[in-house]
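Heavy-atom basis, side chains included; hydrogens, waters and symmetry copies ignored.
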Amino acid sequence: MVRLGGRRPTDGGRLLTIVAAGTSAPELFVSLVSALKGTPDMAVGNVVGSNTMNSMLIVGCAAAVAPMVISRSTVRKDIPFAIGATLLMMALTYDGTLSWVDGIILLAGFAAFMVYTLRQAKAGSSEEETTATNMKTGKAVLYLIGGLAGLVVGSNVFVDHASNLAFSLGISEAVVGLTVVAGGTSLPELATSVVAARKGQSAIAIGNVIGSNVFNILMILGLTGVICPLEIEGITLVDQAVMLVSIVLVWLFSRTRYTVERWEGMLLVAGYVAYLSWLIISL
C-alpha cells in the first residue's frame with residue numbers, strides 16, 4: 001500500500017465538516033439565489049453537477065497527482081452515508097418536485113449527519129498536531145461579514161449571467177447548472193483537494209469531497225426546498241444516476257486496499273469527460 005508522506009490516514013471528522021462546509025458555501029448561495037429568481041433547474045443542476053464533478057473530476061485529479069489513502073472509517077461509514085444521501089435525494093425528487101416537506105426530511109438527514117460526524121470527531125484521536133492561529137474577534141467578524149456579502153453579491157451576478165448565457169445560446173438552464181454553474185462553484189473543492197493530495201494529506205482531500213457531497217444534498221437542497229419549493233423539469237434521471245454511479249465508483253475504488261490509485265483517478269476523470277461530452281452532444 002502506498003502511504004502519502006508516511007502517514008496513516010486520519011478519520012478527519014472535523015475536516016469532513018469544516019472544510020466541506022467552507023468550500024460548499026458558493027453552492028449554497030448560488031442554489032438559493034437560483035431558486036428565489038425562479039430558475040429551479042439551475043438550483044438543482046448546480047448540486048447534481050457539483051457532486052458529479054466532486055466525485056469524478058476532483059477525486060480523479062487528486063488521485064492522479066498522488067494515490068489517495070482512505071481510512072477504514074471513511075470507506076465503511078462516510079462514503080456509504082454520502083451514497084445514502086444521494087439515494088434519498090433521488091427518491092424525494094422522483095416526482096419532479098422538491099417540496100417543503102422534502103426539504104425538512106433532507107435537513108433532518110443533515111442534522112443526523114452532523115451528530116454522527118461530531119461524535120466521530122470526539123471518539124477519534126488525531127495523530128497529527130495542529131496549530132491554531134489566534135485572531136481578534138472583531139477582525140474575524142469583519143472577515144465573516146465581508147465574505148458573506150461577497151458571496152451574496154457574487155451569487156446574484158453569477159446566476160444572472162448564467163441565465164443570460166442559457167438564453168443567448170438557446171440551451172436549458174438545467175444544462176448550464178450541470179456544467180458552467182457547477183464548475184464555477186466547485187473550484188474551491190478542486191483547489192483544496194488537489195493541494196491536499198500534493199501535500200500528502202489524503203484525509204483532507206477525500207473528506208472535502210465526501211463532506212461537500214453530503215452538505216450539497218442535505219443542507220443546500222433541504223434549505224432551498226423549505227424556503228422555495230421547486231418544480232424540477234430539466235434534471236433527468238440520467239443526470240442523477242451519473243451522480244450516484246460516481247460516488248459508488250469512489251467507494252468501490254476505495255475498498256481496494258483502502259487506496260484510490262493513479263489509474264483509478266484517471267478513469268474517473270475520463271468518465272467525467274465522457275459525461276460532459278454527452279451533455280454537449282445532447283444539446
Sequence neighbours excluded and cut-off under 3.5 Å, please list the side-chain donor-acceptor pairs for residues 218-235, or say none.
| unit_1 | atom_1 | unit_2 | atom_2 | d |
| --- | --- | --- | --- | --- |
| Thr224 | OG1 | Ile220 | O | 2.7 |

Original post:
Does Glu264 reach the main-chain N or O of Glu261 with its side chain, forming a donor-acceptor pair under 3.5 Å?
Top reply: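 Checking the backbone N and O of Glu261 against the side chain of Glu264, a donor-acceptor pair under 3.5 Å is found.
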**OP:** With the side chain counted from C-beta on, respond yes when Leu267 and Phe253 share a heavy-atom pair under 4.5 Å apart, and no when they do not.
**Re:**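 The answer is yes; the side chains approach within 4.5 Å.
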Original post:
Measuring from Gln240:CD to Thr236:OG1, what's the distance to the nearest 0.5 Å?
Top reply: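 Reported to 0.5 Å precision, the distance equals 8.0 Å.
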Original post:
Quick one: do Val115 and Phe110 end up in the same hydrophobic cluster if we chain Ile, Leu, Val, Met, Phe, Trp and Tyr together by side-chain heavy atoms under 4.5 Å apart?
Top reply: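 They do not share one cluster, since no chain of ILVMFWY contacts under 4.5 Å joins Val115 to Phe110.
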Original post:
Is there a side-chain contact (heavy atoms from CB on, under 4.5 Å) between Leu92 and Leu106 once you walk through the steps?
Top reply: CA-CA 9 Å; Leu92 293 177; Leu106 290 173; 3.7 Å; yes
Subject >> Within one Ile-Leu-Val-Met-Phe-Trp-Tyr cluster: Val59 and Met266, side-chain cutoff 4.5 Å >> reply: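 Each belongs to a different hydrophobic cluster.
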Original post:
Side-chain heavy atoms under 4.5 angstrom apart, residues restricted to Ile, Leu, Val, Met, Phe, Trp, Tyr: same cluster for Val101 and Leu98?
Top reply: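 Looking at the clustering, Leu98 is in the same group as Val101.
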**OP:** Step by step, work out the side-chain contact (heavy atoms from CB on, under 4.5 Å) result for Leu88 and Ile217.
**Re:** CA-CA 9 Å; Leu88 177 61; Ile217 292 175; over 6 Å; no
**OP:** Looking only at non-hydrogen atoms, find the nearest pair between Ser212 and Asn54 and report the distance.
**Re:**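 So the two residues come closest at CB-ND2, 3.7 Å.
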**OP:** Give a yes or no on whether Leu249 and Leu87 share a hydrophobic cluster (residues Ile, Leu, Val, Met, Phe, Trp, Tyr; joining criterion: side-chain heavy atoms under 4.5 Å apart).
**Re:**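 Yes, because Leu249 and Leu87 connect within a single hydrophobic cluster, where side-chain heavy atoms sit under 4.5 Å apart.
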Subject >> Close side-chain approach of Leu279 to Asp239, heavy-atom, < 4.5 Å >> reply: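 The answer is yes; the side chains approach within 4.5 Å.
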**OP:** Side-chain contact test, heavy atoms from C-beta onward, threshold under 4.5 Å: evaluate it for Val44 versus Met89 and give yes or no.
**Re:**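 In short, these two side chains touch, coming nearer than 4.5 Å.
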Subject >> Heavy-atom pair of closest approach, residues Val269 and Cys61 >> reply: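 Smallest heavy-atom distance, with atoms named: CG2-N, 3.8 Å.
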Original post:
Do Ser277 and Val273 have side-chain heavy atoms sitting under 4.5 Å apart?
Top reply: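 Contact flag for Ser277/Val273 side chains = yes.
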Original post:
Looking only at side chains, do Asn46 and Ser31 share a donor and an acceptor under 3.5 Å apart?
Top reply: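 Yes, because at least one side-chain N or O of Asn46 sits under 3.5 Å from a partner of the opposite role on Ser31.
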**OP:** Look only at the side chain of Thr86 and the backbone of Ala82, and say whether a donor-acceptor pair between them is shorter than 3.5 Å.
**Re:**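 Yes, because the side chain of Thr86 sits within donor-acceptor range (under 3.5 Å) of the backbone of Ala82.
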Subject >> Gap separating the CD1 atom of Ile210 from the OG atom of Ser55, nearest 0.5 angstrom >> reply: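 It is 6.0 Å, given to the nearest 0.5 Å.
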**OP:** Could you tell me whether the side chain of Ser73 and the main chain of Ser71 form a donor-acceptor pair under 3.5 Å?
**Re:**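 Checking the backbone N and O of Ser71 against the side chain of Ser73, no donor-acceptor pair under 3.5 Å is found.
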Subject >> Shared hydrophobic cluster for Trp263 and Val250 (ILVMFWY, side-chain gaps under 4.5 Å) >> reply: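 Result: yes, single cluster for both.
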Original post:
Does the ring centre of Phe215 sit less than 6.0 Å away from the ring centre of Phe113?
Top reply: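 Centroid distance Phe113-Phe215: not below 6.0 Å, so no.
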Original post:
Side chains of Ser246 and Asn51: do they bring a donor and an acceptor to under 3.5 Å?
Top reply: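 Judged by distance alone, the side chains do not pair up.
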**OP:** Find out whether Ile79 and Ser254 are in side-chain contact, i.e. whether some heavy atom of one side chain is under 4.5 Å from a heavy atom of the other.
**Re:**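 Touching, per the 4.5 Å side-chain cut-off.
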Original post:
What distance separates Ile247 CD1 from Met56 CE, expressed to the nearest 0.5 Å?
Top reply: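 Reported to 0.5 Å precision, the distance equals 10.5 Å.
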Original post:
Are the side chain of Ser99 and the backbone of Asp102 linked by a donor-acceptor contact shorter than 3.5 Å?
Top reply: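 Side chain of Ser99 to backbone of Asp102, a donor-acceptor pair under 3.5 Å: yes, one is there.
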Original post:
Rounded to the nearest 0.5 Å, what separation is found between the CH2 atom of Trp100 and the CG atom of Leu107?
Top reply: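 Result: 12.0 Å between the selected atoms.
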Original post:
Got Tyr116 and Lys77 here, is their nearest side-chain heavy-atom distance under 4.5 Å?
Top reply: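 Yes, side chains in contact.
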Subject >> Student check: side-chain heavy atoms of Thr74 and Tyr258 closer than 4.5 Å >> reply: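 The answer is no, as the side chains (C-beta and beyond) never meet within the 4.5 Å cut-off.
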Original post:
How many angstroms lie between atom CE of Met68 and atom CZ of Arg262, to the nearest 0.5 angstrom?
Top reply: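 One finds 12.5 Å between CE of Met68 and CZ of Arg262.
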